[in-house]
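Notes follow once the structure below has been shown.
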Amino acid sequence: MDKMPEIRNYTFNFGPQHPAAHGVLRLILEVDGETIVRADPHIGLLHRATEKLAESKPYNHTIGYMDRLDYVSMMCNEHGYVLAIEKLLGVQPPIRAQYIRVMFDEMTRALNHLLWLAAHALDIGAMTVFLYCFREREELLDCYEAVSGSRMHATYYRPGGVYRDLPDKMPKYRASKWHNEKDVAEMNANRDGSLLDFIWDFTERFPKRIDEYETLLTDNRIWKQRTVDIGVISPDRAIAMGLTGPMLRGSGVAWDLRRKQPYEVYDKLDFDIPVGVNGDCYDRYLVRVAELRQSNHIIRQCVEWLRKNPGPVMIDNHKIAPPTRVDMKESMEALIHHFKLMTEGYCLPEGEAYAAIEHPKGEFGVYLVSDGANKPYRLKIRAAGFPHLAALDELIRGHMIADVVAILSSLDIVFGEVDR
Amino acid sequence: MEILHTKIQEKLNHLIQNSKLALGELTLEVAPEHLKEVCLILRDDPEFDFKLLVDVCGVDYLHYGIAEWETETATTSGFERGVEPYGMKNFNPKEPRFATVYHLLSLDKNQRIRLRVFLSEHELKVDSVESIWPSANWFEREAFDLFGISFDGHPDLRRILTDYGFVGHPFRKDFPLIGRVEARYDAKQHRVIYEPVSIEPRILEPKVIRDDTRYESDNG
């Protein structure tokens with residue numbers, strides 16, 4: 001008998017500069033023919049030591065770093081951090097601030113899922129969805145800008161409330177070389193009222209827009225061929241691997257911190273928790289799209305409440321929250337408070353706290369150890385994406401090379417939070 | 001939560017060193033040799049049912065409770081007193097210096113618990129819980145990378161977040177924030193080279209600990 005040709009596995013790099021790697025992931029794949037035998041993700045290319053930096057700064061200086069963790073769901077990261085501080089301080093923000101936080105959390109969830117849907121579809125080869133999703137993201141980012149002055153890194157949540165109340169006016173477009181007066185009038189049509197009017201108008205249109213994405217994808221034959229039965233994970237295995245959020249719900253486990261361990265005003269709001277059945281990429285897609293609709297529903301409830309109930313958005317405790325600018329000009333005590341808060345910050349009581357929120361990607365937890373100082377002694381960020389990426393090896397074993405991209409993007413990975 | 005606390009005390013009292021309920025969170029302190037046993041009971045006993053390991057992290061208690069700026073006494077040396085690096089100070093290093101902290105979650109019972117294992121600097125190792133919760137794999141790699149804690153029985157204990165060939169454990173309190181080396185491209189050698197850092201460590205906002213009577217409750 002002739003000698004058999006020698007067959008050996010082939011190892012190659014995926015990334016770190018690959019458009020479908022969603023940032024900087026170096027994935028070492030070992031393949032047998034076209035089947036994946038082993039995947040070894042090398043992470044840390046975006047490691048910025050956020051937790052160590054936080055140890056050298058007063059508490060409020062770190063809020064801005066939180067935005068830069070998962071840079072597609074900025075305000076949710078802030079929320080987790082701020083909740084941990086509030087837990088140790090033992091303060092609660094005013095009810096209006098809680099509604100504002102919930103509203104922006106859900107807008108952030110929509111932002112995150114829209115970007116995920118756009119990128120996921122693009123990875124699998126559907127270009128149009130990408131453009132559609134960015135159209136809606138644009139309006140949501142305008143809301144971020146109206147409320148905080150920044151389109152992405154908002155630094156809007158503060159311990160004890162939010163930085164300021166919702167504005168009464170929306171910024172408007174101005175005529176330019178590219179847009180004449182008539183175009184601009186059309187673009188500004190829904191910007192005459194307050195921010196809440198603008199958001200309300202958005203929520204009126206948004207469900208139709210979600211229908212558009214679903215028309216393109218849900219029953220699409222190619223889409224189903226690429227996602228159904230790809231990257232299946234059973235509920236028990238998903239729990240053992242530490243998966244949370246849509247990854248866990250895609251496998252059929254109805255676990256959502258907003259409902260199970262409610263924070264802020266989620267217990268007063270009406271919403272459903274969509275769950276999948278098979279735990280494959282397709283079910284995770286369906287769960288996230290259904291969450292978009294639920295988020296829209298929650299935002300509407302918040303807008304209705306916020307229209308009826310004006311009030312303070314920051315606690316009236318000047319040991320934590322700075323006094324207003326006007327007070328500062330008139331009162332010596334306010335000036336001293338402001339000076340101390342802006343230089344030294346405030347001290348937290350000694351102790352430790354873990355605060356978790358239902359981040360768009362899963363459970364985002366902040367473990368804070370304080371030794372009574374004005375800086376965190378140890379800050380540990382439990383990023384949702386970290387265990388998800390750790391499960392990648394198990395999910396893609398036995399799949400084809402083309403499925404790597406589909407499974408990787410169905411995990412909803414952002415390297416800002418995985419590497420921290 | 002209190003019910004859980006009493007149940008834990010009933011069943012695990014001989015295995016744990018200390019248990020504390022603060023801010024609605026239950027913390028157990030476990031000796032390193034009992035960790036795996038406690039974890040198995042917490043996972044498999046239907047009354048606890050902690051099926052999901054949320055997080056594992058290391059903590060370095062070297063500078064715990066030590067401020068950069070004294071608030072009790074004043075000196076005549078002005079702002080200088082606030083920028084004195086830790087290395088200049090006299091303090092007794094805490095022993096045990098390190099700890100690993102585990103956060104567990106039970107989906108069915110809807111409750112959380114925290115385990116802490118104190119580790120001495122001289123014997124910096126603890127049993128891996130990777131065989132109990134596979135999700136511990138990367139979390140333990142991270143704690144190994146950042147703090148140098150080694151996990152016995154871990155299948156693949158490599159560095160995870162730092163650069164290839166990195167020396168040291170950056171999240172230890174005695175590792176400088178600015179790092180030890182900096183990288184640049186050397187045009188002559190046609191490659192990236194590492195050199196000792198050229199900047200000096202500075203303290204911009206001194207760490208201050210104030211005795212605050214408002215918090216003299218049972219927080220911690």
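Lettering follows sequence order; numbering is per chain, from 1. All figures in this text were calculated on a predicted structure; none of them were measured in a lab.
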So which of [options] has the biggest tally of heavy-atom pairs under 4.5 Å with chain B?
{"options": "A:L45, A:D236, A:L46, A:L389", "value": "A:L389"}
{"options": "A:G345, A:P41, A:A238", "value": "A:P41"}
{"options": "A:E394, A:K57, A:R237, A:E51", "value": "A:E51"}

Closest non-hydrogen atom pair between [X] and [Y], with its separation:
{"X": "A:W255", "Y": "B:S106", "value": "CH2-O, 4.2 Å"}
{"X": "B:P206", "Y": "A:N374", "value": "O-ND2, 3.3 Å"}
{"X": "B:L52", "Y": "A:I239", "value": "CG-O, 3.7 Å"}
{"X": "B:P134", "Y": "A:A240", "value": "CD-O, 3.4 Å"}
{"X": "A:K380", "Y": "B:C57", "value": "CD-CB, 3.4 Å"}
{"X": "B:F175", "Y": "A:K52", "value": "O-NZ, 2.9 Å"}

Side chain, backbone, both or neither: which part of [X] has a heavy atom under 4.5 Å from chain A?
{"X": "B:V56", "answer": "backbone"}
{"X": "B:R159", "answer": "neither"}
{"X": "B:R43", "answer": "neither"}
{"X": "B:N110", "answer": "both"}

Under 3.5 Å donor-acceptor, A:K375 side chain and B:E205 backbone: yes
B:E25 (side chain) donor-acceptor with A:Y354 (main chain) under 3.5 angstrom: yes
Geometric class of the A:F386/B:F139 ring pair [parallel <30°, tilted 30-60°, perpendicular >60°]: tilted
Mutual orientation of the aromatic rings belonging to B:Y61 and A:Y377 [parallel < 30°, tilted 30-60°, perpendicular > 60°]: parallel
Rounded to the nearest 0.5 Å, what separates atom [atom1] in [X] from atom [atom2] in [Y]?
{"X": "A:I43", "Y": "B:I160", "atom1": "CD1", "atom2": "CD1", "value": "4.0 Å"}
{"X": "B:W138", "Y": "A:M241", "atom1": "CH2", "atom2": "CE", "value": "9.5 Å"}
{"X": "A:R378", "Y": "B:F147", "atom1": "CZ", "atom2": "CZ", "value": "3.5 Å"}

Do [X] and [Y] come close enough that some side-chain heavy atom pair is under 4.5 Å?
{"X": "A:D40", "Y": "B:R158", "answer": "yes"}
{"X": "A:Q261", "Y": "B:L105", "answer": "yes"}
{"X": "A:E352", "Y": "B:R116", "answer": "yes"}
{"X": "A:E55", "Y": "B:D60", "answer": "no"}

Give a yes or no on whether [X] atom [atom1] has more than 12 heavy-atom contacts from other residues, nucleotides or ligands under 6.0 Å away.
{"X": "B:E200", "atom1": "CD", "answer": "no"}
{"X": "A:Q92", "atom1": "CD", "answer": "no"}
{"X": "A:E333", "atom1": "CD", "answer": "no"}
{"X": "B:I199", "atom1": "CD1", "answer": "yes"}

What part of [X] is in contact with chain B, defined as an atom under 4.5 angstrom from a non-hydrogen atom: side chain, backbone, both or neither?
{"X": "A:R48", "value": "neither"}
{"X": "A:L248", "value": "side chain"}
{"X": "A:D393", "value": "neither"}
{"X": "A:A356", "value": "side chain"}
{"X": "A:L257", "value": "side chain"}

Which of the residues [options] is involved in the greatest number of heavy-atom pairs with chain A at under 4.5 angstrom?
{"options": "B:H103, B:R141, B:K51", "value": "B:H103"}
{"options": "B:V101, B:T162, B:L146", "value": "B:V101"}
{"options": "B:L53, B:L177, B:T27", "value": "B:L177"}
{"options": "B:D156, B:V59, B:L107", "value": "B:L107"}

